[in-house]
Enquirer: 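Pasting a structure here, questions to come.
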Amino acid sequence: MTTFRTRFAPSPTGFLHIGGARTALFNWALTRKLGGTFLLRIEDTDLERSTRESEAAVLEGLEWLGIGWDEGPYRQSERAERHREVVEQLLARGAAYRCICSREELETRRAADIAAGGKGNYDGRCRDAALGPDCGPHTVRLRIDHERALRWDDLVFGPSGQEGSEIGDGILRRSDGTPLYHLAVVVDDVDMGITHIVRGADHHSNTPFQLAIYRALGAQIPTFAHVPLIVSASGRKLSKRRDPVSLQQFRADGYLPEAMLNWLARLGWSHGDQEIFSAAEIVEHFDLAHVGRSGAQADLAKLAWLNQHYIKARPPEALFSAAKPFLESVAGRAVVRDAALDRLLDLLRERSTQLVEMAEKARFVLVEEPEIEPDAANKHLRPAVLDALEKLAEALAGLDEWSTATIESAFEQACKAAGDLKLGKLAQPVRVAVTGTTASPGIYETVEVVGRERAVARLREAAQFIRERAANEAGPKTGGA
RNA sequence: GUCCCCAUCGUCUAGCGGUUAGGACGUCGGCCUUUCAAGCCGAUAACACGGGUUCGAUCCCCGUUGGGGACACCA
């Protein structure tokens, strides 16, 4: 039986990036589908930039998406001893050599080579110098066989690679004794028995050098699959500065994990015409053969659509638990779930693409006295509807039962009593009085969900507002400045 | 600059020699309507260009153009 082992190896130098999240998703889906082992390894070799917080953010992000790993998290930093050992072995075998060229020299020679029409690769000056451990400050370079091609069959890009003569003898170990990324990944992947490496296409051109390291190690070369990058609207690699890339930011904006997962899955991968995928369906259908080869732009409009789709699909309890923090943020207090709140969220599902938006739309219920938008008040709270508003407050106060149907009858009653006012004429003023805004769910439902006491009180306040304003306008003007 | 890669509607994509080039998001229009949505119906819109190969190219090959990635004692 062949083992199938994959890994996701993020460097914790920030928050979990959506590109990284997608790479993790692809690895995870593939491994779940094929029944292998998926492991997580934190590439924290760069101690300067790696922090414990961002490592935690990476794990949190994966957990939130529901991407679970079978082994790890391992930390590359914990394997430093092993990396040192491997470099020594390569040195002992002559597969690597010490190099005492200084950075300055290297830079000068490289520039000169390029000026002379060369490639700017390391010129191999120390390659045959047979420098020993006591040669002073030195790096260790891989002795690449420049006669031999470095090729592989990529599961996404197909036949890939280049001639050995195209690349220089790369550095494996710094002069301070620490290993470089290329050496560390290869050693770790070999030691951890990784059989399939699925990673971002930004590693595509790093692969030849890594292939050379596998050879030097005499290790079996895994299967590679490079996934095209997610690019920004400008078509370039996503930048933390300019683009929305942080998974936690999407989460904070009120995107649901199932929407993120679905969106990420369809960025670069497809399954016929299907657009909606549950996690289980992604696992069921995912395959590298249908991963495209060109970069995919992050389409936020589609994410919004997907998010609303999943907001609409969530059962009440699950919707509430996702929305709770957002609702509490608007309310400024703890919010508990009850029938009225479920009803409100139900009304808001069709009107929200993000949970922040949903919570904002719930404000008129969440706070005791929502502010009334001045423009809305000017336009809709006018003397012409004063009578109807008061009649409606009265009718609502007198209702035996509080339901959409009885509220509707109260509206009809109020309209009739106010001189056969048309229902449509009353709806907007009531909406403004009750919610403070001109947009809300159906007016009967809106009134219902806000509750009898508050609805009646707000209508009366609105009536009062109309009276006061009329009085001011009628009275002597105090000249404005 | 060198090497590598990519190229179907605005966007994500289906397509794997013969299709009216399909779907989705978006956009626009209509219906519905007490607002906003949602829903329904409809419309808009693409094979970058030039050579081959072939009876026939979106599809295969070459080139051009355009875009991207990698070229560190970063990961």
Side-chain angles (χ1 to χ4, degrees), chain A residues 9-13 43-46 48-50 76 99 101-103 106-107 110 113-115 117-121 137-141 154 157-158 160-163 166-168 170-182 184-185 200-209 226 228-229 231 233-237 263 266-276 289-290 292-306 308 312 347-353 361 376 380 411 422-432 435 437-444 446:
Chain A
S11 53
T13 54
E43 312 261 296
D44 57 351
T45 312
D46 187 351
E48 300 262 314
R49 294 194 294 158
S50 301
Q76 196 157 64
C99 171
C101 299
S102 71
R103 292 175 207 245
L106 253 17
E107 204 169 310
R110 176 184 157 86
D113 183 42
I114 289 174
K119 303 178 197 307
N121 286 336
H138 64 274
T139 58
V140 172
R141 289 182 184 271
D154 196 279
F157 286 94
S160 304
Q162 52 194 302
E163 294 305 315
E166 294 292 346
I167 68 174
I171 293 177
L172 298 176
R173 189 174 78 186
R174 299 181 182 89
S175 49
D176 67 1
T178 57
L180 262 89
Y181 164 77
H182 293 294
V185 243
D202 46 347
H203 288 289
H204 193 257
S205 40
N206 290 151
T207 307
F209 181 56
H226 288 91
L229 300 177
V231 300
S234 64
R236 293 196 293 155
K237 192 171 168 179
W263 182 61
R266 280 290 285 102
L267 236 37
W269 171 73
S270 63
H271 179 65
D273 286 341
Q274 189 171 343
E275 294 289 347
I276 301 296
H290 289 89
R293 276 155 307 180
S294 42
Q297 270 185 41
D299 182 358
L300 276 340
K302 193 147 188 175
L303 173 60
W305 173 74
L306 279 167
Q308 179 166 54
K312 288 195 279 188
L347 295 168
L348 262 18
R349 286 173 193 270
E350 322 266 279
R351 291 163 237 266
S352 319
T353 59
K361 288 190 157 105
H380 297 288
F411 267 76
K422 289 199 59 168
L423 265 176
K425 294 281 179 194
L426 186 54
Q428 275 309 75
V430 172
R431 195 181 318 274
V432 171
T435 71
T437 70
T438 54
S440 85
I443 193 61
Y444 310 132
T446 297

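Chain naming here is simple, since letters A, B, ... match the order of the sequence lines and numbering starts at 1 in each. The structure presented is a predicted model; accordingly, all values stated were derived computationally and were not measured.
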Enquirer: Under 4.0 Å, heavy atoms only, any strand: does H182(A) hit a base, just the sugar-phosphate, or nothing?
Expert: base

Enquirer: Tell me which nucleotide among C4(B), A37(B), C25(B) gets nearest to the side chain of E350(A).
Expert: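 Nearest listed nucleotide: A37(B).
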
Enquirer: Could you please spell out the steps behind the side chain to side chain contact (heavy atoms under 4.5 Å, CB included) verdict for L300(A) and W263(A)?
Expert: CA-CA 9 Å; L300(A) 276 340; W263(A) 182 61; 4.2 Å; yes

Enquirer: Would you mind telling me which of C25(B), A7(B), A75(B) lies closest to the side-chain atoms of W305(A)?
Expert: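 Looking only at side-chain atoms, W305(A) lies closest to C25(B).
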
Enquirer: Test of understanding: with ring-ring contact (aromatic ring centres under 6.0 Å, His included), list the residues that count as partners of H380(A), not counting sequence neighbours.
Expert: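 If we apply the ring-ring contact (aromatic ring centres under 6.0 Å, His included) test to H380(A), skipping adjacent residues, there are no hits.
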
Enquirer: If you measure from the C1' atom in G66(B) to the same atom in A48(B), how many Å do you get, rounded?
Expert: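 These two C1' atoms come out 8 Å apart once rounded.
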
Enquirer: Within the 4.0 Å heavy-atom criterion, would you say G120(A) contacts the bases, only the backbone, or no part of the nucleic acid?
Expert: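 Nothing: the residue G120(A), judged by heavy atoms under 4.0 Å, touches no strand.
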
Enquirer: If I take atom NE2 from residue H203(A) and atom NE2 from residue H182(A), how far apart are they, to the nearest 0.5 angstrom?
Expert: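 One gets 8.5 Å once the value is rounded to the nearest 0.5 Å.
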
Enquirer: Using Watson-Crick or G-U wobble geometry with both distances under 3.5 Å, which nucleotide pairs with G29(B)?
Expert: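 Check on G29(B): paired to C41(B), both distances under 3.5 Å.
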
Enquirer: Considering only U34(B), C73(B), G69(B), which nucleotide approaches the side chain of A427(A) most closely?
Expert: U34(B)

Enquirer: Using a 4.0 Å heavy-atom cut-off across all strands, classify N206(A) as base, sugar-phosphate, or nothing.
Expert: base

Enquirer: With a 3.5 Å limit on both atom pairs, tell me what U35(B) is paired to, counting Watson-Crick and G-U wobble, or say none.
Expert: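 Its partner is none (no Watson-Crick or G-U wobble pair with both distances under 3.5 Å).
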
Enquirer: For the base of C36(B), is there a side-chain donor-acceptor partner from R351(A) under 3.5 Å away?
Expert: yes

Enquirer: What is the distance from CZ of F209(A) to P of C71(B), rounded to the nearest Å?
Expert: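 It is 11 Å, rounded to the nearest whole Å.
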
Enquirer: K237(A) near the nucleic acid: base, sugar-phosphate alone, or nothing, with a heavy-atom cut-off under 4.0 Å?
Expert: sugar-phosphate

Enquirer: R110(A) side chain N/O closer than 4.0 Å to the phosphate oxygens (OP1, OP2) of A72(B)?
Expert: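 So the side-chain polar atoms of R110(A) do come within 4.0 Å of the phosphate oxygens OP1 or OP2 of A72(B), strictly under.
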
Enquirer: C73(B), OP1 or OP2 - any side-chain N/O from S175(A) closer than 4.0 Å?
Expert: no

Enquirer: Using Watson-Crick or G-U wobble geometry with both distances below 3.5 Å, tell me the partner of C47(B), or none.
Expert: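 Check on C47(B): unpaired, no WC or wobble geometry under 3.5 Å.
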
Enquirer: Take atom NZ of K302(A) and atom C1' of C9(B), then tell me their distance rounded to the nearest Å.
Expert: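 After rounding, the reported distance stands at 12 Å.
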
Enquirer: What contact category does R103(A) fall into here, base, sugar-phosphate, or nothing, at under 4.0 angstrom with non-hydrogen atoms?
Expert: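 Counting heavy atoms under 4.0 Å across all strands, the contact made by R103(A) includes a base.
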
Enquirer: For S440(A) and T435(A), does a side-chain donor sit closer than 3.5 Å to a side-chain acceptor?
Expert: no

Enquirer: Using the side-chain heavy atoms of D273(A), tell me which of these nucleotides is nearest: C73(B), C6(B), G23(B).
Expert: G23(B)

Enquirer: According to side chain to side chain donor-acceptor pair (under 3.5 Å), who are the partners of K425(A), at least two apart in sequence or on a separate chain?
Expert: none

Enquirer: Looking for any heavy atom pair under 4.0 Å, which part of the strands does S205(A) touch: base, sugar-phosphate only, or nothing?
Expert: base

Enquirer: Would L306(A) and I276(A) count as a side chain to side chain contact (heavy atoms under 4.5 Å, CB included) if you check the C-alpha gap in whole Å, the side-chain angles of each, and the deciding distance to 0.1 Å?
Expert: CA-CA 8 Å; L306(A) 279 167; I276(A) 301 296; 3.6 Å; yes

Enquirer: Classify the nucleic acid contact of G442(A) as base, sugar-phosphate or nothing, counting any heavy atom under 4.0 Å across all strands shown.
Expert: base

Enquirer: Give me the distance, rounded to whole Å, that separates C41(B) from C25(B) when you measure between the P atoms they each carry.
Expert: 12 Å

Enquirer: Could you say whether the aromatic ring of H226(A) and the base of G69(B) stack, counting only centre distances under 5.5 Å and plane angles under 30°?
Expert: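 Whether judged by distance or by angle, H226(A) falls short somewhere, so it does not stack on the base of G69(B).
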
Enquirer: Counting only Watson-Crick or G-U wobble pairs whose two distances fall under 3.5 Å, which nucleotide matches A24(B)?
Expert: U11(B)

Enquirer: G15(B) phosphate, OP1 or OP2: any side-chain N/O from H290(A) under 4.0 angstrom?
Expert: yes

Enquirer: OG1/T446(A) to CD1/I443(A) distance, rounded to the nearest 0.5 angstrom?
Expert: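 If I round to the nearest 0.5 Å, the distance is 5.0 Å.
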
Enquirer: Under 4.0 Å, counting only non-hydrogen atoms across every strand here, what does P208(A) touch: a base, just sugar-phosphate, or nothing?
Expert: nothing

Enquirer: Side chain of A301(A) only, heavy atoms from C-beta on: which candidate in C25(B), A75(B), C4(B) is closest?
Expert: C25(B)

Enquirer: Return the value, rounded to whole Å, for the distance between atom CG of D202(A) and atom P of G69(B).
Expert: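 After rounding, the gap between these two atoms is 9 Å.
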
Enquirer: Can you tell me the distance, in whole Å, between the CZ atom of R141(A) and the P atom of C73(B)?
Expert: 7 Å

Enquirer: Mind checking the C1' distance from U13(B) to C9(B)? Whole angstroms is fine.
Expert: 11 Å

Enquirer: Choose from C6(B), C73(B), C3(B) the nucleotide whose nearest atom is closest to any side-chain atom of S294(A).
Expert: C6(B)

Enquirer: What's the separation between atom OG in S160(A) and atom NE2 in H204(A), rounded to the nearest 0.5 Å?
Expert: 3.0 Å

Enquirer: Strictly by Watson-Crick or wobble contacts shorter than 3.5 Å, is anything paired with U53(B), and which nucleotide is it?
Expert: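 Because no pair has both required distances under 3.5 Å, U53(B) counts as unpaired.
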
Enquirer: Does the base of U34(B) carry an N or O that pairs as donor and acceptor with the side chain of R431(A) under 3.5 Å?
Expert: yes

Enquirer: Between A7(B) and A46(B), how many Å separate the two C1' atoms, rounded to a whole number?
Expert: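 My reading of the C1' atoms in A7(B) and A46(B) gives 12 Å.
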
Enquirer: How far does the P atom of U8(B) sit from the matching atom of C3(B), given to the nearest Å?
Expert: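 Nearest-Å result for U8(B) against C3(B) at atom P: 25 Å.
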
Enquirer: Distance between the P atoms of G18(B) and C59(B), in whole angstroms?
Expert: 11 Å

Enquirer: Can you identify which nucleotide, out of U34(B), C6(B), A75(B), has its nearest atom closest to the L180(A) side chain?
Expert: A75(B)

Enquirer: Looking only at atom C1', what distance separates A21(B) and A14(B), rounded to whole Å?
Expert: 10 Å

Enquirer: At under 4.0 Å between heavy atoms, what does I443(A) touch on the DNA or RNA strands: base, sugar-phosphate, or nothing?
Expert: base

Enquirer: Looking across every strand, which nucleic acid part, if any, lies under 4.0 Å from L229(A) by heavy atom: base, sugar-phosphate, or nothing?
Expert: sugar-phosphate

Enquirer: At under 4.0 Å between heavy atoms, what does T438(A) touch on the DNA or RNA strands: base, sugar-phosphate, or nothing?
Expert: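 The answer is base, as T438(A) lies within the cut-off (heavy atoms under 4.0 Å) of a base atom.
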
Enquirer: Taking the P atom of each, how far is U53(B) from C62(B), in whole Å?
Expert: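 Looking at atom P only, U53(B) and C62(B) are 15 Å apart.
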
Enquirer: Among C3(B), G23(B), A75(B), find the nucleotide with the atom closest to the side chain of Q76(A).
Expert: A75(B)

Enquirer: OP1 or OP2 of G39(B) sitting under 4.0 Å from any side-chain N/O of K312(A)?
Expert: yes

Enquirer: F411(A) near the nucleic acid: base, sugar-phosphate alone, or nothing, with a heavy-atom cut-off under 4.0 Å?
Expert: nothing

Enquirer: Any base atoms under 4.0 Å from Q308(A), or only sugar-phosphate, or nothing? Heavy atoms, all strands.
Expert: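 The residue Q308(A) makes sugar-phosphate contact but no base contact.
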
Enquirer: Partner lookup for U19(B), please. Criteria are Watson-Crick or G-U wobble with both distances under 3.5 angstrom; report none if nothing qualifies.
Expert: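 Across all strands, not a single nucleotide pairs with U19(B).
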
Enquirer: Under 4.0 Å between any heavy atoms, over every strand shown, what does E275(A) touch: base, sugar-phosphate, or nothing? Just pick one.
Expert: base

Enquirer: Does a side chain donor of either H226(A) or T207(A) reach within less than 3.5 Å of an acceptor in the other side chain?
Expert: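 Side-chain D/A pair, H226(A) to T207(A): present.
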
Enquirer: Could you state the atom-to-atom distance from OH of Y444(A) to P of U34(B) in whole Å?
Expert: 8 Å

Enquirer: What's the verdict on side chain to side chain contact (heavy atoms under 4.5 Å, CB included) for V231(A) and Q297(A), showing C-alpha distance, side-chain angles and the deciding distance?
Expert: CA-CA 5 Å; V231(A) 300; Q297(A) 270 185 41; 3.7 Å; yes

Enquirer: Counting only Watson-Crick or G-U wobble pairs whose two distances fall under 3.5 Å, which nucleotide matches G1(B)?
Expert: C71(B)

